[in-house]
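Note that this is a predicted model, so its numbers are computed, not measured.
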Amino acid sequence: GSIQSARQDATTLTRLEILRKSRSLVQNNPLAQKIVDVFVRYTVGDGINPIPMSEDENWNRAALRWFLGWNRYAHLESRMTFFDLQRIIASSAFVDGDILSNHVLSPSTGRPRLQLIEGHRIGHSKNWGQDDVWDGVQIDGNGRPIYFFRYDRFENFLTYLPAGEPVPMEADHVVLHHFPTRVGQVRGLSKFTPVLTLLQDLRDTLEIEMQALKNNASIDHIIQRKGGEILVDELEERIGNINPTPVTGDTVHTPPVDPKYFYRTMFGPEVKILDEDDEYKPWESKRPTPEFTAFLKSQGEMICHGIGMSPFSVFGHSDEGGVAHRTLLEQDDRFFRTHSAQLSRQFQRTWDFVINWAQEMGEIADEDGNALTRPRDWQNVDWHPPRRITADHRHDAKSAIELCRAGLLNAKKYYGDRNEDWRREFRQNAEETLFAQKLSDEIFARDGIRIDPKDIRDLGRQPQQPQQPQQAGGITNE
């Protein structure tokens, strides 16, 4: 390739062809499907959760309560939740290169909704010759997107040619979910772009090997003759010996007696007899060969590294061990968390859209129904990704607790790595402590037995057996 701007790296047709091949591979290649599944699992998981972090704690709780209620009806065209849409967004941004979230108001209810628009629907048939329109995106003099163009109809499902005029959408009301790698990149490219050829070659190689395996499966046994190939005359003679037929006329010609025919006549047709020079060998297939298996492994590892993740995250096993194993996991964790952070910044615009609407409508209220005034820093939100990928959760949890006790790790970081809100956890712990104290007082008032509230909270502690008095010599009294 030549040196050029990011907008010229891929034309509309080039991007659509990459999109088509990427979708086809995901649908027909189990390795490609597994890579996408691993990416979505560790990048989004069951949802990247927003935690309001403004200076007003009461408003934070009310805003989060309203947002979780809106989450159940987030999608304009289905009943999927916002967290369900996150998985689709992450998958589409990985496979297609990008996907658009259009912030709209429902025509039936007037409430905020999200409309997802896939990458193949974003384009402009009059791109050519217009300097300010690039692959369905109109930019201003600074290169900043100001309009996106959406197509709702296509001529047929076999072509990329759109039908009708595109629908313009203001860039301030949409979010383009993609993972840009260059300045001025207005559209995204599939993560499979650098490994498309490898994945295609791998699929073709597997098809050839599968055909060879089928051919081997059709062979049950072989007969090896010392004399070489059986000639046609010899084969006809053998058939004539096995199936003697009288010749027409008064004189009956009897062919020479064949031992095979004699044995079959005496013992039945299932008796198999070889010629004196024949050797029977059971067929044993040696496919796939160790060399072919090693080739598949190297191809799979190269594909994973080309995307940016280690083979361990995809295949679940690795030849590395010890420190090297943990190093691979830490690199994968950074890969997934980097993409989670990119998606979180994009989801922040959705939070701003729906919370701003709810605030203007007076729907963010306390538990008594009183509308709350939003604080100055109402857009301050922490987005918590899924739990970090690790080889030993118990070891990491123990280390984290020790760091917390030493003051080297705060509660926000500790709970944030577990996709939890530290304030909510503190509040829950306080409520459990208060409940344990009330339960202890209740039991003491009823039965006169005092139980330590700590023993009530510690559900994992084994009840201590009362110690029996002992006599001298260690003999227990009955």
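- Between D96 and R187 there is no salt bridge, since none of the side-chain N atoms of the basic residue sits less than 4.0 Å from a carboxylate O of the acidic one.
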Next on the checklist: Applying side-chain contact (heavy atoms from CB on, under 4.5 Å) to I307 and F192, what does each step give before you reach the verdict?
Outcome noted: CA-CA 7 Å; I307 291 175; F192 287 119; 3.6 Å; yes
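- Here the CG atom belonging to L439 is positioned 11.5 Å from the CG atom belonging to L434, to the nearest 0.5 angstrom.
- Atoms SG and CD, from C304 and Q299 in turn, are 11.5 Å apart once rounded to the nearest 0.5 Å.
- Among pairs with a residue in residues 79-88, none fulfils salt bridge (Lys or Arg N to Asp or Glu O under 4.0 Å), at least two apart in sequence or across chains.
- You'll find the side chain of R15 stays beyond 4.5 Å of the side chain of I18, heavy atoms only.
- The closest side-chain heavy-atom distance from P52 to W378 is not below 4.5 Å.
- Atom CG of D352 sits about 8.5 Å away from atom OG1 of T350, to the nearest 0.5 Å.
- Using a 4.5 Å heavy-atom cutoff, the side chains of V314 and M309 are in contact.
- Taking the ring axis of Y151 as reference, the NZ or CZ atom of R121 does not stay both within 45° of it and closer than 6.0 Å to the ring centre.
- Between F39 and F335, the ring planes lie perpendicular to each other; the angle is over 60°, past the 30° to 60° tilted range.
- The aromatic rings of W70 and F82 are tilted relative to each other, their planes meeting at an angle between 30° and 60°.
- Using a cutoff of 4.0 Å between basic side-chain nitrogens and carboxylate oxygens, E77 and R113 are not scored as salt-bridged.
- Annotation: side chain of S340 is not in contact with side chain of V44 (no heavy-atom distance under 4.5 Å).
- With rounding to the nearest 0.5 angstrom, the OG atom of S54 is 11.5 Å from the CZ atom of R374.
- Using a 4.5 Å cut-off on side-chain heavy atoms (C-beta onward), V381 and I51 make no contact.
- Atom CD of residue Q86 and atom CD1 of residue I48 lie 5.0 Å apart, to the nearest 0.5 angstrom.
- Comment: R150 engages D152 in a salt bridge, judged by a side-chain N to carboxylate O separation of less than 4.0 angstrom.
- Atoms NE2 and CG, from H103 and L76 in turn, are 12.0 Å apart once rounded to the nearest 0.5 Å.
- Using a cutoff of 4.0 Å between basic side-chain nitrogens and carboxylate oxygens, R405 and E402 are not scored as salt-bridged.
- In this structure, the side chains of P311 and H305 come closer than 4.5 Å at one or more pairs of heavy atoms.
- Ion pairing of E57 with R61 is present here, as a side-chain N (NZ or NE/NH1/NH2) and a carboxylate O approach within less than 4.0 Å.
- Put simply, the side chain of F149 does not reach to within 4.5 Å of the side chain of I122, judged on heavy atoms.
- Between the side chain of D366 and the main chain of D368, a donor-acceptor pair closer than 3.5 Å is present.
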Item to check | Stepwise side-chain hydrogen bond (donor to acceptor under 3.5 Å, both in side chains) check, H120 with R23 | outcome: CA-CA 11 Å; H120 70 276; R23 288 184 181 178; 3.2 Å; yes
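- Taking the six-membered ring where tryptophan is involved, the planes of F347 and H177 are tilted, since the angle between them lies from 30° to 60°.
- Taking the six-membered ring where tryptophan is involved, the planes of F67 and W351 are tilted, since the angle between them lies from 30° to 60°.
- By the 4.5 Å heavy-atom criterion applied to side chains, S101 and I89 are counted as neighbours.
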